[in-house]
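Here the structure is laid out as structure tokens; the discussion comes afterwards.
Quick note: numbers below take in every heavy atom, side chains included, and nothing from hydrogens, waters or symmetry partners.
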Amino acid sequence: TWAGWYGFTERFQTQSQKTLEVQLLGEYDSLNFVVGGFYFDEDAHDFGTTRFPFILSPTVASDAITPRDYTVASKSKAVFAQVDWRPPILDNKLELTGGVRYTDDSRDFNQVTSIARRLLLNEDNVSYMLGANYEFSDDIMAYVRYSTGYRAGGFNARSTGSVNPQYDPEKIKSLEGGIKFEGLDNRLRVNAAVFFNKYYDQQVAQFASPTGAAGGGNVNVNANAEYKGFEIEATLIPVDGLTISGSYGYVDPKYTDFPKLLGTGGAITTGCVAIPNGSAGPVLQDCAAIQLFQNLPKTKWDASVMYEFP
């Protein structure tokens, strides 16, 4: 049979979605508020092949060709509200903020090749935010904010047959504080912040290398992690038309739990520790001590100079 142009097999993807969001904003006395709702509906279909080349020996190489055909139907519904309040104390320099969001998610994953499997996902979550800011003067404001967050779980259609394609929802607890300064007749602006984020079941994509016995594929790991760091940015307009800007950020990430399957024959990877499994032998290992973070530099900075000619 004809394999397609240049030997590539046929592939097509379809995706349709509907999104609706409604917000009501208002104010009453010293309160500002927003309430709203959100709706998301998506249907997706992916058909094609996955090809993984691998080396059998120094002189022989091959590849694993795996057909892929699956659909995913997703729905998400949410309601939310947020209130900002300036209590009649401290000359109205203090503002308190509170917010809450309820989310209900459902997904229907139906794969017919190369592995026949169907999984349903139904989950809900309540996230909230509490914050306060204080204006010390017209030029200086400090703030602190604590919030929680949530990202729905899902499915990995490219996971190997021995691996559960479903991954759990990701949750976060975040604490942030900072200060904002604007002075010199609005010619200097400085913002600084420190943060600490704690992730639960963070969704991390992992690649399983193909071998002569297995085609390899992707695996999604639910890990626990902590991020702490700071950011500072400044903008200066020394003369009209000239703007000098710069920023610097630092983050120190650390996995506290990173479960992975044991190696071939139940081997434990160097630097990992076995995760107890009751009276049965362990099937997972914790590799938090050696796992690296992807696409996350510890430091980042930038600087720019711009001049607008009159």
Side-chain angles (χ1 to χ4, degrees), residues 17-42 74-106 123-152 169-200 227-237 240 243 245-247 249 251 308:
Q17 70 178 51
K18 297 182 289 289
T19 302
L20 174 66
E21 183 168 352
V22 179
Q23 293 187 5
L24 174 64
L25 295 84
E27 60 180 64
Y28 176 76
D29 196 14
S30 58
L31 292 175
N32 293 316
F33 65 87
V34 56
V35 295
F38 174 82
Y39 177 77
F40 173 82
D41 188 334
E42 178 189 45
S74 304
K75 285 184 173 63
S76 181
K77 295 168 285 186
V79 291
F80 55 86
Q82 180 172 315
V83 175
D84 301 321
W85 177 46
R86 287 189 178 271
I89 57 174
L90 303 175
D91 296 326
N92 290 323
K93 293 182 178 181
L94 174 66
E95 183 179 56
L96 304 176
T97 300
V100 64
R101 181 185 181 100
Y102 172 77
T103 305
D104 181 86
D105 288 312
S106 64
E123 55 199 21
D124 59 2
N125 175 262
V126 177
S127 298
Y128 61 91
M129 184 270 289
L130 299 172
N133 63 71
Y134 184 80
E135 298 175 357
F136 291 92
S137 67
D138 292 339
D139 299 330
I140 303 176
M141 186 270 284
Y143 71 93
V144 62
R145 180 171 60 239
Y146 177 80
S147 61
T148 65
Y150 153 87
R151 181 164 67 171
E170 175 181 300
K171 298 180 181 180
I172 183 177
K173 294 180 179 179
S174 176
L175 179 63
E176 179 182 346
I179 189 169
K180 299 178 182 290
F181 169 79
E182 189 167 337
L184 302 180
D185 293 328
N186 296 328
R187 290 181 176 271
L188 175 63
R189 178 180 300 167
V190 180
N191 298 327
V194 295
F195 61 87
F196 177 77
N197 298 333
K198 195 165 186 177
Y199 284 89
Y200 300 87
Y227 295 67
K228 56 185 177 181
F230 66 88
E231 299 173 338
I232 184 169
E233 59 181 15
T235 300
L236 175 65
I237 305 175
D240 291 343
T243 302
S245 301
S247 67
V251 61
E308 297 182 4

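In this structure, CG on Asn186 lies 12.0 Å from OG1 on Thr235, to the nearest 0.5 angstrom. Residue Asn197 holds its CG atom at 12.5 Å from NZ of Lys228, rounded to the nearest 0.5 Å. For the atom pair CD1 of Ile172 and OG of Ser127, the computed distance is 10.0 Å after rounding to the nearest 0.5 Å. Here the OH atom belonging to Tyr102 is positioned 15.5 Å from the CZ atom belonging to Phe80, to the nearest 0.5 angstrom. Once rounded to the nearest 0.5 Å, the distance linking CZ of Arg189 with NZ of Lys180 reads 9.0 Å. Between atom CG of residue Leu175 and atom NZ of residue Lys198 there is a gap of 12.0 Å, rounded to the nearest 0.5 Å.
Nearest heavy-atom pair across Ala132 and Leu96 is CB-CD2, 3.7 Å. The heavy-atom pair separating Gly98 from Leu130 by the smallest distance is CA-CD2, 4.3 Å.
Every residue meeting the side chain to side chain contact (heavy atoms under 4.5 Å, CB included) condition with Arg145, not counting sequence neighbours, appears here in chain and number order: Met129, Tyr143, Glu176. Among residues two or more places apart in sequence or in another chain, the side chain to side chain contact (heavy atoms under 4.5 Å, CB included) test is passed with Glu308 by Met306.
By the 4.5 Å heavy-atom criterion applied to side chains, Glu231 and Glu233 are not counted as neighbours. Taking the side chain as every heavy atom from C-beta outward, Tyr146 and Lys173 approach each other to under 4.5 Å. With contacts defined as side-chain heavy-atom distances shorter than 4.5 Å, the pair Val126/Tyr150 does not qualify.
Asp41 and Tyr39 share a donor-acceptor pair across their side chains, judged by distance under 3.5 Å alone. For the 3.5 Å distance criterion, the side chains of Asp105 and Thr103 fail to qualify, holding no donor opposite an acceptor.
Of the options Val34, Val35, Asn32, a side-chain contact (heavy atoms from CB on, under 4.5 Å) to Leu25 is made by Val34 and by none of the others.
Below 30°, between 30° and 60°, or above 60°: for Phe136 and Tyr134 the angle between ring planes is above 60°, a perpendicular geometry.
Between Tyr227 and Tyr199, a ring centre-to-centre spacing shorter than 6.0 Å is recorded.
At least one donor-acceptor pair under 3.5 Å links the side chain of Thr148 to the backbone N or O of Tyr128. Side chain of Arg86 to backbone of Asn92: a donor-acceptor contact under 3.5 angstrom is found.
The existence of a salt bridge linking Arg187 and Asp240 is confirmed by a sub-4.0 Å separation between a basic side-chain nitrogen and an acidic carboxylate oxygen.
For Glu27, the CD atom counts as loosely surrounded, since its 6.0 Å shell holds 12 or fewer non-hydrogen atoms of other residues, nucleotides or ligands.
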